[in-house]
Amino acid sequence: MIDKIKKYIKEQNLIKSGENIVIGFSGGPDSVMLLYALNELRKEFGYNLLTVHINHQLRGEDAVKDEEFSKDFSNSLGVKCISFHMDVNGYAKEHKISVEDAGRRIRYEKFNEVLKREFQSGVIAVGHHKNDDAETILLNLIRGAGGAGLTGISDKKNNIVRPLIDI
C-alpha cells in the first residue's frame, strides 16, 4: 500500500521532497492511513509533518476520545498534533449554512492557519480516497449536475493534496 501511495504522489507531483505537510487528522481509518503512509515516506523524502485535529463539539464523549486518540497516535510517531475545539453548530447558525458546510469551512480555515503559523508554506494533506470520490460524483448526479458538474474530488487543488484518492 505504501508503495502505491508513493508512486501516486510522485506521478501526480503532489508533494515535493522536504515538503512541509499539515495533515487533517480526524483519528478515523482514512486519516490514520494517511499519517502512517506519510510518516513512512518522510524517511525517504524528508517531509516535515504536523497533524491538526478539530473537535467539532458535536459528539460529546466520543469526540473527546477521538481527540485523545489523535494526539496519542500522532505523538507515538513523533509527529506534533495541534487540536482545536470549535462550535460548529454555532458557526452554522451564525452563517446560515449547514453543519456539514460549517465543519468543512472551519477545518480548512484551521489547517491553513496552522500551516502558515508553523511552516509559512507547504501543503495540507487530507484522507479522501476513491470511495469518497465516487460518492461525490453520485451526489452531483443526484443534484442534477450537468456533464461539467459530474466531476469528483481532485487530487490537488491549490495547497490541498489527496494522496489516497487513487486508493
Side-chain angles (χ1 to χ4, degrees), residues 1-10 12-88 91 99-133 135-136 153-167:
M1 182 76 73
I2 301 296
D3 287 337
K4 186 173 182 177
I5 295 166
K6 174 182 169 181
K7 182 180 176 192
Y8 190 76
I9 288 171
K10 288 174 85 174
Q12 302 304 315
N13 195 29
L14 296 181
I15 306 171
K16 300 175 193 136
S17 291
E19 188 83 78
N20 300 315
I21 307 171
V22 167
I23 300 169
F25 194 68
S26 67
D30 306 337
S31 63
V32 167
M33 181 65 212
L34 178 61
L35 173 55
Y36 179 79
L38 292 177
N39 186 60
E40 286 296 307
L41 294 174
R42 86 170 155 167
K43 296 168 188 169
E44 181 176 348
F45 296 106
Y47 300 148
N48 299 305
L49 304 177
L50 186 147
T51 61
V52 174
H53 177 84
I54 310 293
N55 179 332
H56 294 86
Q57 298 181 343
L58 297 172
R59 297 177 25 256
E61 189 59 34
D62 286 341
V64 172
K65 289 178 183 175
D66 287 345
E67 181 179 8
E68 289 171 2
F69 172 80
S70 296
K71 288 178 181 178
D72 291 344
F73 187 75
S74 295
N75 291 333
S76 77
L77 298 177
V79 176
K80 180 179 177 180
C81 180
I82 297 174
S83 184
F84 294 93
H85 288 232
M86 303 302 298
D87 179 10
V88 173
Y91 185 98
V99 172
E100 293 80 11
D101 191 23
R104 184 173 32 261
R105 288 183 188 188
I106 286 170
R107 284 191 302 276
Y108 286 105
E109 179 183 305
K110 290 299 179 186
F111 298 161
N112 275 298
E113 175 186 307
V114 170
L115 180 65
K116 286 182 177 126
R117 184 181 70 225
E118 298 290 325
F119 295 129
Q120 287 74 52
S121 67
V123 297
I124 297 164
V126 293
H128 294 123
H129 51 80
K130 255 187 187 172
N131 288 348
D132 296 321
D133 191 32
E135 180 181 295
T136 298
I153 303 170
S154 63
D155 58 8
K156 186 170 188 172
K157 185 174 182 184
N158 301 319
N159 67 340
I160 310 294
V161 297
R162 296 175 176 90
L164 305 182
I165 202 70
D166 198 44
I167 305 292

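Below, each value reflects all heavy atoms present in this structure, side chains not excepted, and no hydrogens, waters or symmetry copies.
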Which heavy atom in [X] sits nearest to a heavy atom in [Y], and how many Å separate them?
X      : Y      : answer
Cys81  : Asn75  : N-OD1, 4.3 Å
Val161 : Leu14  : CG1-O, 3.4 Å
Thr51  : Ser74  : OG1-OG, 2.8 Å
Ile21  : Ala125 : CG2-CB, 3.8 Å
Ile82  : Leu50  : CD1-CD2, 4.0 Å
Val99  : Leu58  : CG1-CD1, 3.8 Å

(request) With sequence neighbours excluded, tell me which residues meet side chain to side chain contact (heavy atoms under 4.5 Å, CB included) with Ser31. (result) Phe25, Ser26
(request) Could you tell me which residues satisfy side chain to side chain contact (heavy atoms under 4.5 Å, CB included) with Lys7, sequence neighbours excluded, listed by chain and number? (result)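 Lys7 satisfies side chain to side chain contact (heavy atoms under 4.5 Å, CB included) with Glu11 only.
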Quick one: side-chain hydrogen bond (donor to acceptor under 3.5 Å, both in side chains) partners of [X], sequence neighbours excluded?
X      : result
Lys43  : Glu40
Glu44  : Lys6
Lys71  : none
Glu113 : Lys110

Just wondering, do [Y] and [X] contact through their side chains at under 4.5 Å, heavy atoms?
X      : Y      : result
Arg105 : Tyr91  : yes
Arg104 : Val88  : no
Val79  : Arg42  : yes
Ile165 : Gln12  : no
Asn159 : Asn112 : yes
Leu38  : Ile15  : yes
Glu109 : Ile106 : no
Ile167 : Tyr8   : no

(request) With sequence neighbours excluded, tell me which residues meet ring-ring contact (aromatic ring centres under 6.0 Å, His included) with Phe73. (result) Phe69
(message) Suppose the criterion is salt bridge (Lys or Arg N to Asp or Glu O under 4.0 Å): which pairs have a residue in residues 75-88, not counting sequence neighbours?
(response)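 For residues 75-88, and leaving out neighbouring residues, the salt bridge (Lys or Arg N to Asp or Glu O under 4.0 Å) pairs sorted by first residue read Lys80-Glu118.
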(request) Mind jotting down which residue pairs meet the salt bridge (Lys or Arg N to Asp or Glu O under 4.0 Å) criterion with at least one end in residues 53-62? Sequence neighbours excluded, please. (result) Arg59-Asp66
(request) Hey, could you give me the CD1/CE distance between Ile54 and Met86, rounded to the nearest 0.5 Å? (result)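 Rounded to the nearest 0.5 Å, the CD1-CE separation comes to 7.0 Å.
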(message) Just verifying a value: how many Å separate Ile23 CD1 and Leu49 CG, rounded to the nearest 0.5 Å?
(response)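 Between Ile23 CD1 and Leu49 CG, I get 4.5 Å after rounding to 0.5 Å.
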(message) Test: side chain to side chain donor-acceptor pair (under 3.5 Å). Region: residues 14-24. Which pairs qualify, not counting sequence neighbours?
(response)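 Sorted result for residues 14-24: Asn20-Asn48.
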(message) Tell me whether Asn55 contacts the main-chain N or O of Gln57 through its side chain, where contact means a donor paired with an acceptor under 3.5 Å.
(response)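 Checking the backbone N and O of Gln57 against the side chain of Asn55, a donor-acceptor pair under 3.5 Å is found.
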(message) Per the ring pair (Phe, Tyr, Trp, His ring centres under 6.0 Å) rule, what does the pair list look like for residues 27-63, sequence neighbours excluded?
(response)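 Passing the test, one end in residues 27-63: Phe45-Tyr47.
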(request) For Asp72, check salt bridge (charged side-chain N to carboxylate O under 4.0 Å, His left out) against everything at least two apart and list the hits. (result) none
